[in-house]
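First up is the structure itself, then whatever we jot down about it.
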Number of protein chains: 2
Amino acid sequence: MSAVPVPDDQLSKVFSALADPTRRDIVARLTVADATVGELGAPYDVSLQAVSKHIKVLEDAGLVSRSKDAQRRPVHLEAEVFDLMTKWIERYRRQAEERYRRLDAVLAQMDDESAAKQRGSASDRP
Amino acid sequence: MSAVPVPDDQLSKVFSALADPTRRDIVARLTVADATVGELGAPYDVSLQAVSKHIKVLEDAGLVSRSKDAQRRPVHLEAEVFDLMTKWIERYRRQAEERYRRLDAVLAQMDDESAAKQRGSASDRP
DNA sequence: CGTCTTCTCAACCAAGTGGTTGACAACCGA
DNA sequence: TCGGTTGTCAACCACTTGGTTGAGAAGACG
């Protein structure tokens, strides 16, 4: 019942996927080279199944893809999805910075005016 | 190579906070202007308490801060935290792109060699 | 063929998340 | 001081999440 029906979009999945340190680490290592599930899981001291699940989350978010090589499933980083996040972040950061600039301008103007007029009207005593 | 336990750092909290569309929307609107809890919650058709919780999550992640104005608690965006994400993303994206460049080089070289030598060694027949 | 390797699927569990309602603190305004 | 506004805290609930174990599919290989 949300008035604004925002569906669970890819952006949510991407952020959610990267909210886990283990998955971030996996992504980091995939920037160096593709790797199998076993290789990726080796450092973490969790079951292979758990690693497989992590990779599935990354895959659902579009951050990685899996191919086939005999029994092996090499995992490959899909770096383009990073752009999705970058765009979102940059958009609102720019907007925020713009706002701060405006705020600074307003504050500067208020300062000017208070220096010029020096007088408030009625009740503004603490 | 981190065989060791990665603690739940701020980066995780930031990604996690932004994994929710409602919270992303709140952040987006805070780039326009500070707002009270009631104002922020108005569009969403959820209880005020739920909105308060969302804001707490954003606050724990360092994305917003709350001040006091009588009963009101104006929420303010702390845009610097965006840099944390941007840095992480850019770092690994750059690394990934670098890797793809190297991969291209390797593939080009393999292509050269196969054109020159034209021969694999033993068993590579399907 | 049988066996080992690599990985996924299914069922289960504890902890976390997002929502609810109810109580109430803090403050303004009459 | 009393009532209305604004927001938080606490308890509760359904659902998700990250982990587990067990079973087994799919290949390589002797």
Closer than 4.0 Å, any side-chain N/O of [X] to the OP1 or OP2 of [N]?
X	N	answer
B/Ser52	D/dT8	yes
A/His54	D/dG19	yes
A/Thr36	C/dC7	yes

| task | Using side chain to side chain contact (heavy atoms under 4.5 Å, CB included) as the criterion, point out the one residue from B/Ile26, B/Leu40, B/Val27 that pairs with B/Val75. | result | B/Leu40

| message | Given B/Arg23, which partner from the list B/Leu18, B/Ile55, B/Val57 fulfils the side chain to side chain contact (heavy atoms under 4.5 Å, CB included) test? | response | B/Val57

| message | Does either side chain, that of A/Asp9 or that of A/Ser12, offer a donor lying less than 3.5 Å from an acceptor on the other one? | response | yes

| Does the side chain of A/Thr31 come under 3.5 Å of the side chain of B/Arg91 through a donor N or O and an acceptor N or O? | no

Find the distance [X]:[atom1] to [N]:[atom2] and express it as a whole number of Å.
X	N	atom1	atom2	answer
B/Lys56	C/dG19	NZ	P	16 Å
A/Asp20	D/dT16	CG	C1'	14 Å
B/Leu40	D/dT8	CG	P	11 Å

| message | Show, in sequence, the C-alpha distance, side-chain angles and deciding distance for A/Thr22 and A/Val51, and conclude whether the side chain to side chain contact (heavy atoms under 4.5 Å, CB included) test is met. | response | CA-CA 9 Å; A/Thr22 301; A/Val51 178; over 6 Å; no

Do the side chains of [Y] and [X] get nearer than 4.5 Å, heavy atoms only?
X	Y	result
A/Asp25	A/Tyr44	yes
B/Leu30	A/Gln95	no
B/Val14	B/Phe82	no
A/His76	A/Arg66	no

| remark: Letter by letter from the 5' end, nucleotides 20-30 of chain D scores (B base, S sugar-phosphate only, - none; protein heavy atoms under 4.0 Å) BBBB--BBS--

| Parallel, tilted or perpendicular: ring planes of A/Phe15 versus B/Phe15, cut at 30 and 60 degrees | tilted

| task | Under 4.0 Å from any atom of DNA chain D, heavy atoms only: list the residues of residues 57-67 of chain A that qualify, in numerical order. | result | none

| Distance, nearest 0.5 Å, that separates CD of A/Glu39 from CZ of A/Arg29 | 8.5 Å

| query | For the helix from C/dC1-D/dG30 to C/dA30-D/dT1, what angle lies between the axis at the first five pairs and the axis at the last five pairs, to 10 degrees? | reply | 10°

